[in-house]
Amino acid sequence: MRSATGVPGTTTVTLNSLVRLGRTRRASGPARRLPLPEDMAVPLGCDAVAVPADYGPLLLPRLPRVGCVFADRAEWWWIVPSDSDMALDWPEPARYAPGALVPDTPILPGLIHRPHDTMPYTPPIPLYLTLCRITGTPPTWSRPISA
């Protein structure tokens, strides 16, 4: 059988395959999904971005729209549409959580903010840019490219 490259015995790896592999690796281990309110619609799927709790109050007033936000003592979790990590390198110390899965903890973070409508999302680009500004990290697209 020939592959898409036309060379027998080779396999073409697409960007989608690599993203899926990376997500599988990151999502391993026990985890639970953040519990969105029942009246929320999630037509775009749902992931989350975790930031240290100290950053939460700095981000909140700077965003044009805030969706569902969960928090515990250590972190704030911002609900974003699925695949909001495509082509974005979320700055440290943020962690991207596909499927809004939280690592196994005795108590799930509690909902501290919900939007007035039924969409749970914080727009990912304003969240990303604000987080870059707070951490002093240049956005992915403005970093120099090396050969």
Side-chain angles (χ1 to χ4, degrees), residues 3-5 10-146:
S3 70
T5 62
T10 63
T11 303
T12 302
V13 178
T14 66
L15 180 58
N16 288 338
S17 300
L18 293 173
V19 168
R20 264 193 305 280
L21 285 172
R23 286 192 172 152
T24 302
R25 182 178 47 81
R26 284 183 272 164
S28 63
R32 295 185 292 173
R33 188 174 314 280
L34 289 169
L36 293 176
E38 289 185 23
D39 64 336
M40 291 284 154
V42 287
L44 304 175
C46 143
D47 291 345
V49 177
V51 300
D54 295 344
Y55 286 49
L58 300 173
L59 290 165
L60 198 61
R62 296 177 180 187
L63 296 170
R65 181 187 195 284
V66 178
C68 288
V69 180
F70 294 82
D72 56 25
R73 287 187 173 166
E75 296 175 306
W76 284 31
W77 298 81
W78 304 78
I79 300 298
V80 294
S82 291
D83 300 326
S84 293
D85 61 335
M86 288 296 225
L88 291 180
D89 226 355
W90 287 85
E92 292 289 334
R95 290 184 302 126
Y96 193 83
L101 295 173
V102 177
D104 193 26
T105 58
I107 300 172
L108 278 172
L111 182 66
I112 62 165
H113 183 274
R114 69 170 285 154
H116 297 292
D117 58 20
T118 60
M119 290 294 168
Y121 309 119
T122 295
I125 298 300
L127 177 61
Y128 173 80
L129 290 172
T130 305
L131 191 56
C132 284
R133 178 169 275 249
I134 288 172
T135 61
T137 305
T140 301
W141 53 81
S142 68
R143 295 179 197 155
I145 299 173
S146 61

Least distance between heavy atoms, [X] atom then [Y] atom:
{"X": "Leu101", "Y": "Trp77", "value": "O-CZ3, 4.3 Å"}
{"X": "Cys46", "Y": "Leu36", "value": "SG-CD1, 3.9 Å"}
{"X": "Val102", "Y": "Pro109", "value": "CG1-CD, 4.1 Å"}
{"X": "Val51", "Y": "Gly56", "value": "CG2-N, 4.4 Å"}
{"X": "Leu131", "Y": "Pro91", "value": "CG-CG, 3.8 Å"}
{"X": "His113", "Y": "Val66", "value": "CE1-O, 3.3 Å"}

Handout entry: Any residue meeting salt bridge (Lys or Arg N to Asp or Glu O under 4.0 Å) with Asp72, in chain and number order, not counting sequence neighbours
Key = none
Handout entry: By salt bridge (Lys or Arg N to Asp or Glu O under 4.0 Å) - contacts of Arg95 (at least two apart)
Key =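 Salt bridge (Lys or Arg N to Asp or Glu O under 4.0 Å) list for Arg95, sorted by chain: Glu75.
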Handout entry: For Tyr55, ring pair (Phe, Tyr, Trp, His ring centres under 6.0 Å) partners two or more places apart
Key =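 Residues passing ring pair (Phe, Tyr, Trp, His ring centres under 6.0 Å) with Tyr55: none at all.
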Please name all residues satisfying side chain to side chain donor-acceptor pair (under 3.5 Å) with [X], sequence neighbours left out, ordered by chain then number.
{"X": "Thr135", "value": "Thr137"}
{"X": "Arg65", "value": "Asp117"}
{"X": "Asp54", "value": "none"}

Exercise for the section: Evaluate the side-chain proximity of Leu59 to Trp78: yes if any heavy-atom separation is below 4.5 Å, no if none is. Expected result: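 They are in contact (side-chain heavy atoms under 4.5 Å apart), so the answer is yes.
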Handout entry: Heavy-atom side-chain proximity of Ser84 to Val49 below 4.5 angstrom
Key = no
Exercise for the section: Give a yes or no on whether the backbone of Asp89 and the side-chain of Thr140 come within a donor-acceptor separation of less than 3.5 Å. Expected result: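 Answer holds: yes.
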Handout entry: Test item: Asp47 side-chain N/O and Val80 main-chain N/O as donor-acceptor pair under 3.5 Å
Key =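 Checking the backbone N and O of Val80 against the side chain of Asp47, no donor-acceptor pair under 3.5 Å is found.
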Handout entry: Qualifying residues under side chain to side chain contact (heavy atoms under 4.5 Å, CB included), relative to Pro37, sequence neighbours excluded
Key = Asp39, Met40, Cys68, Leu111, Arg114
Just verifying a value: how many Å separate [X] [atom1] and [Y] [atom2], rounded to the nearest 0.5 Å?
{"X": "Thr130", "Y": "Arg62", "atom1": "OG1", "atom2": "CZ", "result": "7.5 Å"}
{"X": "Ile107", "Y": "Arg32", "atom1": "CD1", "atom2": "CZ", "result": "9.0 Å"}
{"X": "Ile112", "Y": "Leu60", "atom1": "CD1", "atom2": "CG", "result": "7.0 Å"}
{"X": "Leu58", "Y": "Ile134", "atom1": "CG", "atom2": "CD1", "result": "5.0 Å"}
{"X": "Leu63", "Y": "Thr122", "atom1": "CG", "atom2": "OG1", "result": "6.5 Å"}

Practice task
Apply the test side-chain contact (heavy atoms from CB on, under 4.5 Å) to residues Asp83 and Leu44: give CA-CA distance (whole Å), side-chain angles for both, the deciding distance (0.1 Å), then the verdict.
Solution key: CA-CA 9 Å; Asp83 300 326; Leu44 304 175; over 6 Å; no
Practice task
Would you list the pairs meeting ring-ring contact (aromatic ring centres under 6.0 Å, His included) in which at least one residue belongs to residues 120-139, sequence neighbours left out?
Solution key: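 For residues 120-139, and leaving out neighbouring residues, the ring-ring contact (aromatic ring centres under 6.0 Å, His included) pairs sorted by first residue read Trp90-Tyr128, Tyr128-Trp141.
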